[in-house]
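Take a look at the structure below.
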Amino acid sequence: MISRNTRDLMSVAFGGLFARKVRTILLLMGPVIGVAAIVAAVGLTDSAKGDLKAKVAQLGTNLIEAKAASSFGSQNPTLPIDAVRRAEQVKTVEKVASVVQLTDIIVSPYPQAKAKYETTPIPVVATDTRLPYVLEVPLTSGRWINASDNENAVRAVVIGSGLANELGYLPGESRTIDLADKPYGVIGVLGKVELDPSLDNAAFISFASADADFIKEDVLPTKLYVRSTAGTEQVTSDALRTAISLGGPKEVATEIKAEALQLAAQSDRQLQLIVASMGLLAIIVGGIGIANVMSISVMQRSTEIGIRRALGHTRRTIAQQFLLEAMVVGFIGGILGVLLGAFAILVGVWLSGWVFVLQTWIPPAGVVLAIVVSIIAGLYPARRAAKLEPLETLRLG
Amino acid sequence: MTEVFSESIPESQAPFLQLTDVSRVYGEEVKVFAMRNVSLSIMPGDFMAIVGPSGSGKSTMLGLLGCLDLPTSGSIKIAGEEITTLDDPSRTRLRGRTIGFVFQQFHLIAHLSALGNVETALLYRGLKPAERREKAMDALERVGLGPRHDHRPVQLSGGEQQRVAIARSLVTDPIIVLADEPTGALDSTNAENVMQIFESLRSSERAVVLVTHDQGVAGRADRKVSMRDGEIVADEYKVLS
Ligand SMILES: Nc1ncnc2c1ncn2[C@@H]1O[C@H](COP(=O)(O)OP(=O)(O)OP(=O)(O)O)[C@@H](O)[C@H]1O
Ligand SMILES: [Mg+2]
């Protein structure tokens, strides 16, 4: 609970501000314009990248790709056979899926089209049952390759969303496509993989089918998709390289899939800084304005101050009265500035079709900044007011 | 009118305000004695006028009595408390508790209503707003301005403004009401009205001090202190026959 004296002080400060409306509006101008400029600067530059930011947030930044780096002497580099198990040893790894990129398999929707697809080959990827779960991409229709498909080496294929489009595949349609002349039944369509668009055109089959139909030697993974604990992608990515190669001859390269997207989503810091510093300049000039207007006000109100002193108000109380007026100006000006700034962002977003972004810490920070600047500006006039001698201001007869 | 000397003041009563050997000197090299070795006691129930020609030290006296100024030497006691050794905040609070001011120029706060002006004297005293308002209303009613309580100073005549100022000086229940040329800015009708209010303030719980060079005003007082060149040259009591 606030003390009665504090409440008295507030009623005096608010009363003084309310009674001199024009002067109060003048005082408010600085913090309002300054805070509005800062809020708008940060908000608009953030909003310009708002859709990308939302995308990064939605896709997650923790998808890591680990693939065999081409080392001397091998044209199709592979990872060790137990790469998944090795990757799972890394504590920050949450889930892993492995794939084998197959080469020299001509995929054709029907035998007559083979010539065309020879020139623009469709990548074939053998993979485990966990891939959509690790990519966090659902199927748009049908189902994914399951354990039973894998055990029985069923000739089942899941196609990427781009490929489904190209082939004019309808959801639920029963369709067979040829993989190196072997008929595979399409069982599902994988959704769009934003973080790895190369998968959108691929055809996915089980390891067992790959082993049975296409690969003579051991089926060795060429690539892992890994989800790490959020925020640990860099350390996980570094740890994976050693964990998978274990000092062996097979070198591993890793890539954080969202890195490029994150980079693109970053606001133009330089522009933000320039406009925000202009806002800061505005608020400082506003602060000087407050100091100025309040000093004049102290002169004009010197008789009032003298009377208050004669009536028993202490110097401290007089100083607090002016400081509180400054603080209230900062508070109201800050709130109005945030509202004005937010409105400017809305207009900008509306004009450019961006996504409205205003980080939650900005409005309170703007108000606090306005209050701090106003209080600092009020210090000098408050001191002057407190120093006035009642005897000199009252002009006794 | 009979002249009575200060020795005749009843010894049993303690003075509200006591000046002992007070001097107030202005200037460093050329010293101006605005007041020189003045001793004066203001007693409960006093209705006193301080008179003197221009430059005699009336305003200086008012500043010292009102605890707005400090003497160069000597002692000033208000309600037995030595004020010359008090620090500024304590002196300010003592002033607020014990002294009410009425000024020639009224000195009301322009943006506040009559009630707001009277309430200003009651701020920072731990009062609830309702209590403060009630006390201020009572004071305004005492000077006959209850119905005008929400009027701003500009909406009031000079006489009414001075009555608001009197209400403001009374609302804290001071032991001394100090009025500086209170009728100086008023026409004769309003001046008469204000003087009647001052006369009605006579009480054994209070002393009223009017600083004036208007002999008519001074003539209404029970006690007249005359100053010249910073010294008290006469201290007379009027005895009603
Ligand atoms: N601040 C000051 N600095 C220097 N001298 C001063 C100051 N204030 C008063 N004096 C001098 O002290 C003397 C008494 O002044 P004071 O104002 O008390 O007289 P007064 O009786 O109020 O006169 P008036 O009726 O003209 O108002 C005068 O000689 C005056 O010049
Ligand atoms: Mg004078």
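Proteins get letters first, then strands, A, B, ... in listed order; numbering begins at 1 in each.
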In short, L391(A) meets G63(B) closest at the heavy-atom pair CD1-CA, 3.9 Å
Search all heavy atoms of A310(A) against all heavy atoms of F103(B) and return the closest pair with its distance.
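Looking at all heavy atoms of both residues, the closest pair is CB-CZ, 4.4 Å.
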[X] [atom1]: over 12 foreign heavy atoms closer than 6.0 Å:
X: R220(B); atom1: CZ; answer: yes
X: D229(B); atom1: CG; answer: no
X: Y26(B); atom1: OH; answer: yes

Looking only at heavy atoms, which of residues 16-36 of chain A get nearer than 4.5 Å to chain B?
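Counting heavy atoms that sit under 4.5 Å from chain B, the residues of residues 16-36 of chain A involved are G16(A), A19(A), R20(A).
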Tabulate, in ascending numerical order, the residues of residues 312-343 of chain A having at least one heavy atom closer than 4.5 Å to a heavy atom of chain B, or enter 'none'.
G312(A), H313(A), T314(A), R315(A), T317(A)
Examine whether an atom of R97(B) lies under 4.5 Å from a heavy atom of chain A, and if so say whether it belongs to the side chain, the backbone or both; otherwise answer neither.
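No part of R97(B) comes within 4.5 Å of chain A.
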If you tally heavy-atom pairs under 4.5 Å between each of L112(B), T172(B), D88(B) and chain A, the highest tally belongs to D88(B)
Taking every non-hydrogen pair under 4.5 Å, which of G126(B), G100(B), G66(B), G116(B) racks up the most with chain A?
G126(B)
Min side-chain heavy-atom separation [X]-[Y] under 4.5 Å:
X: Y124(B); Y: L311(A); value: no
X: P129(B); Y: R4(A); value: no
X: E389(A); Y: L68(B); value: no

Test side chain to side chain contact (heavy atoms under 4.5 Å, CB included) on R95(B) and R309(A) and set out the steps.
CA-CA 9 Å; R95(B) 174 167 68 233; R309(A) 299 274 291 115; 3.8 Å; yes
Looking at L123(B), is its backbone amide N or carbonyl O close enough to the side chain of D8(A) to form a donor-acceptor pair, meaning the two atoms are under 3.5 Å apart?
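Not at all, since once roles are kept as given, no pair shorter than 3.5 Å links the two residues.
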With rounding to the nearest 0.5 Å, note down the distance linking OG in S11(A) to CZ in R132(B).
5.5 Å
Gap between atom CD of E304(A) and atom NE2 of H111(B) - 0.5 Å precision
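If we round to the nearest 0.5 Å, H111(B):NE2 and E304(A):CD are 5.5 Å apart.
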I109(B) and R301(A): side chain to side chain contact (heavy atoms under 4.5 Å, CB included), yes or no, with the steps?
CA-CA 9 Å; I109(B) 298 172; R301(A) 293 165 77 181; over 6 Å; no
